[in-house]
There are 2 protein chains.
Amino acid sequence: MIKLTAQRQAILDMINQSNQHWDAELLARALSDAGHSIGIATIYRGLTALEKAGLIQAIHLGDKKRYERSDKAHHDHLVCRSCGSIEEFFDEHIEQRQRHVASQYRFQMDGHQLLIFGICQQCLKLSMKGEQS
Amino acid sequence: MIKLTAQRQAILDMINQSNQHWDAELLARALSDAGHSIGIATIYRGLTALEKAGLIQAIHLGDKKRYERSDKAHHDHLVCRSCGSIEEFFDEHIEQRQRHVASQYRFQMDGHQLLIFGICQQCLKLSMKGEQS
DNA sequence: GTCGAGAACGATAACCATTATCAATAATAA
DNA sequence: TTATTATTGATAATGGTTATCGTTCTCGAC
Ligand SMILES: [Mn+2]
Ligand SMILES: [Mn+2]
Ligand SMILES: [Zn+2]
Ligand SMILES: [Zn+2]
């Protein structure tokens, strides 16, 4: 149903060729660097259209919305408060329990978002180095 | 450490006397209706200060940040896509599993947010009524 | 009690992510 | 070809939040 215009194809390619969690602004810069200068409004519209078509998926992270490939299976995210890095995980127990909770509340679940915040392994190592004088 | 000024006390009271998940604007209107006309900047600053002091807790819901009492135990939220209502739940299995995942990834978790989206029981009932002509 | 430093306040400007507007262009259908 | 419709890009507008700044409040030192 979605029309894959040159601009939308460029956006989709950029996202599919990486494992990043892109926001609109970052994507605009990357596309510009790659030779595609696409208006920022077109990028926002393209992202919305591609998400609705199921070709990419999104997460809400604090203030901004971030997009990633949709060809990987569902997963949730560990977000580092120090460096901003995002790790992915999947836990079937958690997924199951969510369905269980929803059914308990007679709630027709159609999605969820689980963010775990903290400090990633890398940042922990760095902070340990820094502490010992 | 936090100084509970008249304005901050009014904000805190309003939140503590209810079970709502308040955003800044809603709170400003409610306070104004209750006779406290507090500048919107002061409300934002007050909410930030009260949260840092642990007197209220916050969740990020899409675009806006919402605040609720902190005297209730930790819980997560079921958010209705149709009416916007928020139900609360707690599931120890999910909490446990999160800790497990974090430790697997050597990730020092210091918080999390789980939002389950869908249609609440009420809205389901209403939509069924609407469907049968 | 007076003084002064620092905290808090309120009005408002600024910020930033996102969406709306609109004229120009491209694609599609008749 | 011509009419219709969708898409684009520049830019204005929106909405939530934060920054600025002059004024007011608080409170301990004197
Ligand atoms: Mn991901
Ligand atoms: Mn709650
Ligand atoms: Zn990190
Ligand atoms: Zn509902």
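Each chain gets a letter, A, B and so on, in the order the sequences are listed, and its residues count up from 1.
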Within this structure, what is the CE-to-C1' distance between A:M1 and D:dT7, rounded to whole angstrom?
16 Å
Any A:Q7 side-chain N or O less than 4.0 Å from OP1/OP2 of D:dG9:
yes
Where at least one partner belongs to residues 73-98 of chain B, residue pairs that pass ring pair (Phe, Tyr, Trp, His ring centres under 6.0 Å), sequence neighbours excluded:
B:H21-B:H77, B:H74-B:H112, B:H75-B:H77
Over how many whole Å does the gap from A:E51 atom CD to C:dT18 atom P extend?
12 Å
Starting at CG of B:L61 and ending at C1' of D:dT17, how long is that distance when rounded to a whole Å?
16 Å
Kindly calculate the angle separating the two end axes of the helix from C:dG1-D:dC30 to C:dA30-D:dT1, each obtained from five base pairs, and round it to 10 degrees.
10°
How long is the line joining CG of A:L27 and P of C:dT18, in whole Å?
12 Å
Is the shortest distance from a Lys or Arg side-chain nitrogen in B:E92 or B:R99 to a carboxylate oxygen in the other one below 4.0 Å?
yes
Protein-nucleotides 12-17 of chain C N/O pairs under 3.5 Å:
residue	atom	partner	partner atom	Å
C:dA17	OP1	A:K64	NZ	3.1

Residues 11-18 of chain A side chain polar contacts: donor-acceptor under 3.5 Å, at least two apart:
residue	atom	partner	partner atom	Å
A:D13	OD1	A:Q9	NE2	3.0
A:S18	OG	A:I15	O	3.4
A:S18	OG	A:Q20	N	3.3
A:S18	OG	A:W22	NE1	2.9

Rounded to whole angstroms, how far apart are CD1 on B:I43 and C1' on C:dG10?
11 Å
Say whether, by atom type as modelled, one donor and one acceptor occur between the side chain of B:T48 and the main chain of B:Y44 under 3.5 angstrom.
yes
Flag the pair A:K65 and A:D23 as a salt bridge only when some basic side-chain nitrogen lies within less than 4.0 angstrom of an acidic carboxylate oxygen.
no
Could you check how far CG of A:L4 sits from P of D:dT7, rounded to whole Å?
11 Å
In whole Å, what is the span from the NZ atom of A:K52 to the P atom of D:dT7?
10 Å
Looking at A:E88 and A:K72, is any side-chain nitrogen of the basic one under 4.0 Å from a carboxylate oxygen of the acidic one?
yes
Does B:T42 put a side-chain nitrogen or oxygen below 4.0 Å from OP1 or OP2 of C:dA8?
no
Counting only N and O atoms by type, is there a donor-acceptor contact under 3.5 Å from the side chain of A:Q7 to the main-chain atoms of A:T42?
no
Whole-Å distance, B:W22 CH2 to D:dG16 C1', equals 18 Å
Gap separating the CZ atom of A:R66 from the CG atom of A:L27, nearest 0.5 angstrom:
11.5 Å
Could I get the full list of side-chain contact (heavy atoms from CB on, under 4.5 Å) partners for A:Q122, not counting sequence neighbours?
A:C120
Please check if the side chain of A:S85 supplies one atom and the backbone of A:C80 the other of a donor-acceptor pair under 3.5 Å.
no
Are OP1 or OP2 of C:dC9 and a side-chain N or O of B:T5 less than 4.0 angstrom apart?
yes
With a 3.5 Å distance limit and no angle check, can you tell me whether B:Y67 reaches the backbone of B:I59 through a side-chain donor-acceptor pair?
no
Nucleotides 22-30 of chain C: protein proximity per nucleotide (B base, S sugar-phosphate only, - neither; heavy atom, under 4.0 Å)
---------
